[in-house]
Structures are given as C-alpha cells and as structure tokens.
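Before any comments, here is the structure.
Chain identifiers are assigned alphabetically (A, B, ...) following the order of the sequence lines, protein sequences preceding nucleic acid strands; residue numbering begins at 1 within each chain.
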There are 2 protein chains.
Amino acid sequence: MRIGELGQAAGVDVETIRFYEKSGLLPAPARSQNGYRTYGSMHLECLAFIRHCRALDIPLNEVQRLLEFIEQPNADCGDIDQLIDTQLAKVRARLKSLKALEKQLSSLRGRCGANHIASECGILHELVAAAHKEACVCHGHFEPRTLAT
Amino acid sequence: MRIGELGQAAGVDVETIRFYEKSGLLPAPARSQNGYRTYGSMHLECLAFIRHCRALDIPLNEVQRLLEFIEQPNADCGDIDQLIDTQLAKVRARLKSLKALEKQLSSLRGRCGANHIASECGILHELVAAAHKEACVCHGHFEPRTLAT
DNA sequence: CTTGACCCTGTAGTAGCTACAGGGTTTCTA
DNA sequence: TAGAAACCCTGTAGCTACTACAGGGTCAAG
C-alpha cells in the first residue's frame with residue numbers, strides 16, 4: 001500500500017510517517033517505478049508499535065532501542081525494565097508538580113470573581129506581589145522550573 | 001547592574017534574559033559606554049514577574065498580555081480570569097491523562113520482574129501485542145495523542 | 001484535456017529555551 | 001605591565017516531535 005493508505009490504517013499523518021523514516025525508526029520501504037513508497041503489513045505493525053510507545057510518552061530514541069531489542073531476541077532486556085521505570089518516575093514527578101500547580105492556580109483564581117478594571121484585579125495584584133517578593137534579593141530565589149516541569 | 005548580576009538576582013540564565021528582551025517581554029535596558037546592558041530594580045521585578053508566570057505554565061504570549069494589563073490599570077480585566085481558567089483547564093486535562101498513563105505504565109512494568117533475554121520480556125511482548133492489535137485494521141485506530149498529552 | 005487528489009524532496013516553523021561561534025571589555029593576579 | 005579568566009555583545013543553531021509549506025511529478029476520474 002501507498003503512504004496515504006498506511007497513514008489511514010494507522011491513524012498517522014503521512015508527514016509523521018516520513019519523519020519516522022527519516023529519523024531511522026521506520027525502515028525505508030520499497031519504491032514503485034514512479035518513486036512512490038510501497039508498504040506491507042510489517043511496516044504497519046512497526047508504525048503501530050511506535051505510536052503505542054509514543055502514547056506511553058516514551059521518547060523516540062528509547063523507542064528506537066526497543067525496536068532494536070525486537071530485532072535481537074537474545075539481547076539482555078534489563079534496560080527495558082529501566083526504561084519503563086524511568087518513564088514511571090517522570091510521570092509521577094510530573095503528576096506531583098501539576099498537582100501543586102493546580103492548587104496554586106485555583107488559589108489565584110479565587111482572587112477574582114467579577115469583571116472590573118485591571119487596577120482592581122486580585123489576580124494581577126497577587127502576581128505582582130509574588131514577583132515583588134521574588135525580586136527582593138534578601139528573600140533568595142524562587143526557582144520556577146522546579147514547580148512547572 | 002549588569003546582566004550577570006540580574007541573572008544571579010533572579011536565578012535566571014543571561015541567555016534567557018536576552019531571549020525575553022528579544023521576545024519583547026522585558027524592556028530593553030539602557031547601555032553603558034561599552035555597550036553593556038544596565039539594569040535597575042524595575043527590570044528585576046519585571047523579570048521576577050515573568051518567571052513567576054512561567055512557573056504557573058502561562059505561555060509567554062499570555063505573560064505579555066498580563067504585563068500590558070499592568071501598564072494599563074484602567075483596562076477591563078475579564079480576560080485575566082479567562083486566562084487563569086484556561087490554564088486550570090489545561091492542567092486538569094493533563095493531570096487526567098497522566099494518571100491514565102501512570103496506570104498503563106505500572107501495568108506494563110508488572111510484566112517483567114527479573115533480568116532475562118529480550119525474547120522472554122513481558123514488557124516487549126505486551127508492546128508488540130498491543131501494536132499487533134492496533135495494526136489490525138478491523139479494530140479501528142488507537143489515537144496515541146489523546147492519551148499522552 | 002483538465003482538475004483534484006496523491007506522491008516526492010527539501011526547507012521552515014512551533015515553544016521556550018539553551019548552547020555555541022567569534023569577537024570585544026573588564027577584572028584580577030603574577 | 002601582561003596575561004588569563006570572567007564577563008559582555010550579536011547572531012546563529014540546536015533540542016523534541018512533529019507539522020506545514022513550496023515546488024514539482026503522477027494518477028485517476030470527468
């Protein structure tokens with residue numbers, strides 16, 4: 001099948017398919033006489049594998065490694081456990097920081113309940129006040145990245 | 001103070017500071033004779049404001065708008081509520097999808113508890129099996145993006 | 001024959017930084 | 001004083017994972 005059909009079958013953009021091929025994830029397929037790519041079911045399964053791993057937020061370079069493991073059934077798979085553990089840790093860390101963020105935003109949201117002009121906006125006041133505290137060098141540094149990963 | 005001092009005071013990279021100036025968020029400061037930037041406390045507060053909003057995952061274009069509101073105290077601030085609401089909704093959606101992701105990864109992790117070769121890896125088997133199901137066109141499409149936002 | 005859909009390669013853009021490259025200025029130490 | 005290291009400048013490029021052109025070729029249907 002041609003690339004459009006593959007895309008339809010896997011629910012993936014043709015441009016994404018070409019991207020994966022260029023990235024080395026998806027093997028380059030045979031070409032027909034007019035230069036069009038020609039795919040079989042093996043490519044469809046490979047593409048589905050990639051998309052499934054992406055759904056698990058696994059970075060492309062790690063998906064690459066998993067694909068290599070499939071190619072080499074006798075390789076040691078300790079790294080696969082590690083990979084999933086790493087993903088799990090990342091997800092948990094993000095959950096934690098997002099919960100803190102939700103809490104803060106909710107609190108901030110509670111500061112303004114009705115339309116009025118900017119000078120009376122509780123949200124703005126709070127943001128400015130927070131910045132003022134942070135800009136006071138005797139209070140140390142607020143590390144924003146830590147919170148919002 | 002010079003850019004390095006400002007960066008130290010706010011806990012921000014000098015390159016990020018230049019980036020913010022270029023992006024129009026941070027006003028361009030005066031320059032000394034040698035071309036070095038010269039900052040005062042107003043810049044420090046502005047920078048702290050930006051970083052605080054970033055910590056709340058507010059996109060830079062929205063931070064820009066908030067800064068404009070501060071400049072125009074008589075402007076209507078209905079949009080600020082909207083902005084925080086939008087952020088809250090985004091955070092909640094992400095929390096939801098990450099929880100589902102954590103659940104899936106935990107389940108997947110449970111499939112492999114000890115070191116063995118790749119052909120015996122429960123994780124790999126599960127990933128391949130999932131891809132096989134997905135690659136079967138009669139089962140419809142699995143939309144990965146929906147899950148992993 | 002024409003038109004629209006599909007295909008091709010290569011380039012560029014997204015968001016928010018971060019890291020050079022190449023060169024000028026300042027500060028400190030020997 | 002000289003030299004080295006730290007700091008400063010502008011401009012460019014890279015990261016991740018796509019996504020969207022631009023410009024041109026191919027195919028199928030009307």
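Using a 4.0 Å heavy-atom distance criterion, B/Arg2 is classed as a sugar-phosphate-only contact.
A close approach under 4.0 Å does occur between a side-chain nitrogen or oxygen of B/Arg37 and OP1 or OP2 of D/dC9. The side chain of A/Thr16 contributes an N or O atom lying less than 4.0 Å from OP1 or OP2 of D/dT19.
Whole-Å rounding puts the A/Tyr36 OH to C/dA5 C1' distance at 9 Å. Here the P atom of nucleotide C/dC7 and the CD atom of A/Gln33 are 18 Å apart, to the nearest Å. In this structure, B/Glu62 atom CD and C/dA15 atom P are separated by 12 Å, rounded to whole Å. Rounded to whole Å, the distance from CD1 on B/Ile3 to P on C/dT25 is 17 Å. The separation between B/Asn61 atom CG and C/dA15 atom P is 8 Å, rounded to whole Å. Straight-line distance from the CG atom of A/Leu47 to the P atom of D/dA17: 16 Å, rounded to whole Å. Rounded to an integer number of Å, the gap from A/Ile50 CD1 to D/dA17 P is 12 Å. What separates CG of B/Asn34 from C1' of C/dT27 is a distance of 13 Å, to the nearest Å.
In this structure, the nucleotide among D/dA17, D/dT26, C/dG16 sitting nearest to the side chain of A/Pro59 is D/dA17. Here the nucleotide nearest the side chain of A/Arg18, chosen from D/dT10, D/dT12, C/dT9, is C/dT9. Ranking C/dC8, D/dT19, C/dG16 by closeness to the A/Asp13 side chain, first place goes to D/dT19. When distances are taken from the side chain of A/Arg54 to each of D/dA20, C/dT25, D/dA17, the shortest belongs to D/dA17. Nearest to the side-chain atoms of B/Tyr20 among the listed nucleotides D/dT12, C/dC17, D/dA17 stands C/dC17. The side chain of B/Arg51 lies closest to C/dC17, out of C/dC17, D/dC8, D/dC27. Minimum atom distance to the side chain of A/Arg31 is reached by C/dC8, of the listed C/dC8, C/dC17, D/dT10. Between D/dA20, D/dT26, D/dC8, one nucleotide has an atom nearer to the side chain of A/Glu15 than all others, and that is D/dA20.
Under 3.5 Å, the side chains of A/Tyr20 and A/Arg54 contain no donor-acceptor pair of N or O atoms.
For the pair B/His43 (side chain) and B/Pro27 (backbone), a donor-acceptor distance under 3.5 Å is present. In terms of modelled atom types and a separation under 3.5 Å, the side chain of A/Gln87 and the main chain of A/Leu56 share a donor-acceptor contact. No donor-acceptor pair under 3.5 Å is formed between the side chain of B/Ser107 and the backbone N or O of B/Lys103.
The residue among B/Lys22 and B/Gly4 whose nearest nucleotide of DNA chain D is located toward the 5' end is B/Gly4. Residues A/Thr38 and B/Phe19 each lie close to DNA chain C; by heavy-atom proximity, the contact nearer the 5' end of the strand is made by A/Thr38.
In summary, A/Glu62 and A/Arg65 engage in a salt bridge, as defined by a charged side-chain N under 4.0 Å from a carboxylate O. With salt bridges taken as basic N to acidic carboxylate O contacts below 4.0 Å, none links A/Lys90 and A/Asp85.
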